[in-house]
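A short worksheet on the structure shown next.
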Number of protein chains: 2
Amino acid sequence: MSGSDQLSAVFSALADPTRRAILAELADRDATVTELTAPLPISMPAVSRHLKALERAGLISRTRSGKLRMSRIEAAPLREAAEWIERYRRFWDTSLTRLDAHLAAVQAAGRPTDRTTHGSACPDRESPSKAHDKEN
Amino acid sequence: MSGSDQLSAVFSALADPTRRAILAELADRDATVTELTAPLPISMPAVSRHLKALERAGLISRTRSGKLRMSRIEAAPLREAAEWIERYRRFWDTSLTRLDAHLAAVQAAGRPTDRTTHGSACPDRESPSKAHDKEN
DNA sequence: ACTACATTTAACGTGTTGGTTAAGTGATTG
DNA sequence: CAATCACTTAACCAACACGTTAAATGTAGT
């Protein structure tokens with residue numbers, strides 16, 4: 001989809017196993033394109049373009065030193081991604097089950113649901129209309 | 001990329017703002033396709049296919065009750081995604097800066113780096129070769 | 001059975017993605 | 001200054017994503 005907004009770009013970047021592998025590599029040490037390509041089953045141009053995608057998402061930065069081009073992880077955008085996901089923690093974290101049940105009960109009072117385990121609460125009503133207008 | 005593995009499917013699903021909006025909606029209450037379509041600027045068939053993508057990623061489950069088809073959030077896979085991202089927390093969480101500096105120093109002893117803020121440590125060496133073999 | 005409603009599937013257009021190889025760019029090295 | 005190294009860009013292709021409208025499916029009501 002491309003995803004012009006930050007969050008979309010980040011999730012989109014993370015959706016590719018090759019790019020996740022690159023990030024894992026860069027978590028250990030900064031690396032050149034050649035170094036990053038070595039363990040991968042794809043050509044250098046392909047890697048170059050993955051790096052471009054990661055850069056677009058703000059997940060890496062790059063500096064040229066001589067003829068080498070170093071990539072450095074820049075994981076700040078992951079914070080936003082983590083925070084987005086965290087809002088759904090109650091749906092998988094069992095320690096929140098009781099709170100969930102309570103909230104479900106509260107909501108059930110107002111409007112009947114057959115939901116037993118969870119229901120109600122926060123995650124942002126993130127209007128996609130804007131995104132659509134922007135990117136189509 | 002499509003991404004046949006779980007993590008790829010999840011991140012791929014989250015990469016679309018419309019799908020994130022749908023998840024946010026479903027966090028409040030189970031809903032029918034019609035209900036989900038209402039606030040969105042796209043047609044029902046389009047929504048139907050977004051739901052298919054979310055289902056493929058394991059992020060929702062669906063049951064038919066009469067002529068209605070209810071979608072329910074099933075956020076368990078988000079846990080895996082959150083855990084993956086968490087491995088990079090040290091790259092953005094300032095409270096870990098000192099530990100980072102320490103680890104960087106330790107690594108610098110063995111092999112010189114100009115990395116001042118962070119370096120070293122864990123994230124999985126997730127080989128993308130397998131994924132490629134599987135999905136191409 | 002006919003009709004209406006809810007949703008999916010089909011067919012189609014278009015843009016994007018991820019890979020390839022071949023050619024271009026820029027800095028270092030002989 | 002020519003050759004080489006480290007990349008990037010261009011050109012191309014197959015597959016997919018995302019939207020549309022029109023037709024098909026399935027369930028409920030009359």
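In what follows, chains carry the letters A, B, and so on, assigned in the order in which the sequence lines appear, proteins first and then strands, with residues in each chain numbered from 1.
- If you take CD1 of Ile22(B) and P of dC18(D), they are 11 Å apart, rounded to a whole angstrom.
- Residues Lys67(A) and Lys67(B) both approach DNA chain C. Their nearest nucleotides, taken by heavy-atom distance, put Lys67(B) toward the 5′ side.
- With distances taken from any side-chain atom of Pro45(B) to the nucleotides dC7(D), dA22(C), dT20(D), the minimum falls on dT20(D).
- OP1 or OP2 of dT8(D) lies within a sub-4.0 Å distance of a side-chain N or O belonging to Ser48(A).
- Distances shorter than 4.0 Å separate some side-chain N or O of His50(B) from OP1 or OP2 on dG19(D).
- One can place CG of Leu36(B) at 10 Å from P of dT8(C), the figure rounded to the nearest angstrom.
- What separates CG of Asp16(B) from C1' of dG19(D) is a distance of 11 Å, to the nearest Å.
- At whole-Å resolution of the value, CG in Leu14(A) and C1' in dG18(C) are 17 Å apart.
- Within the structure, a side-chain polar atom (N or O) of Lys52(B) is placed less than 4.0 Å from OP1 or OP2 of dT9(C).
- In this structure, CZ of Arg69(B) is placed 15 Å from P of dT25(D), rounded to the nearest angstrom.
- Here OG1 of Thr34(B) is found 10.0 Å from NZ of Lys67(B). Values are rounded to the nearest 0.5 Å.
- One atom, CG of Leu54(A), and another, P of dT17(C), lie 13 Å apart when rounded to the nearest Å.
- Within the 4.0 Å cut-off from OP1 or OP2 of dC7(D), at least one side-chain nitrogen or oxygen of Thr34(A) is found.
- The 5' end of DNA chain D is approached more closely, in terms of each residue's nearest nucleotide, by Met70(A) than by the other of Arg49(A) and Met70(A).
- Residue Ser43(A) is classed as a base contact, given a heavy-atom separation below 4.0 Å to a base.
- For the pair Arg64(A) CZ and dA27(C) P, the computed distance is 6 Å after rounding to whole Å.
- With a 6.0 Å radius and a threshold of 12 heavy atoms from other residues, nucleotides or ligands, Arg79(A) has its CZ atom at or below the threshold.
- Atom CD1 in Ile42(A) sits roughly 5 Å away from atom P in dG19(C) (whole-Å rounding).
- Between Phe11(A) and Trp84(A), the ring-plane angle classifies as perpendicular under the 30° and 60° cut-offs.
- Distance CG/Leu54(A) to CG/Leu14(A): 8.0 Å, rounded to 0.5 Å.
- In this structure, the separation between CZ on Arg20(A) and CG on Leu59(A) is 12.5 Å, given to the nearest 0.5 Å.
- Close to dC7(D), at under 4.0 Å from its OP1 or OP2, lies no side-chain N or O of Arg62(A).
- The side chain of Arg19(A) contributes an N or O atom lying less than 4.0 Å from OP1 or OP2 of dG18(C).
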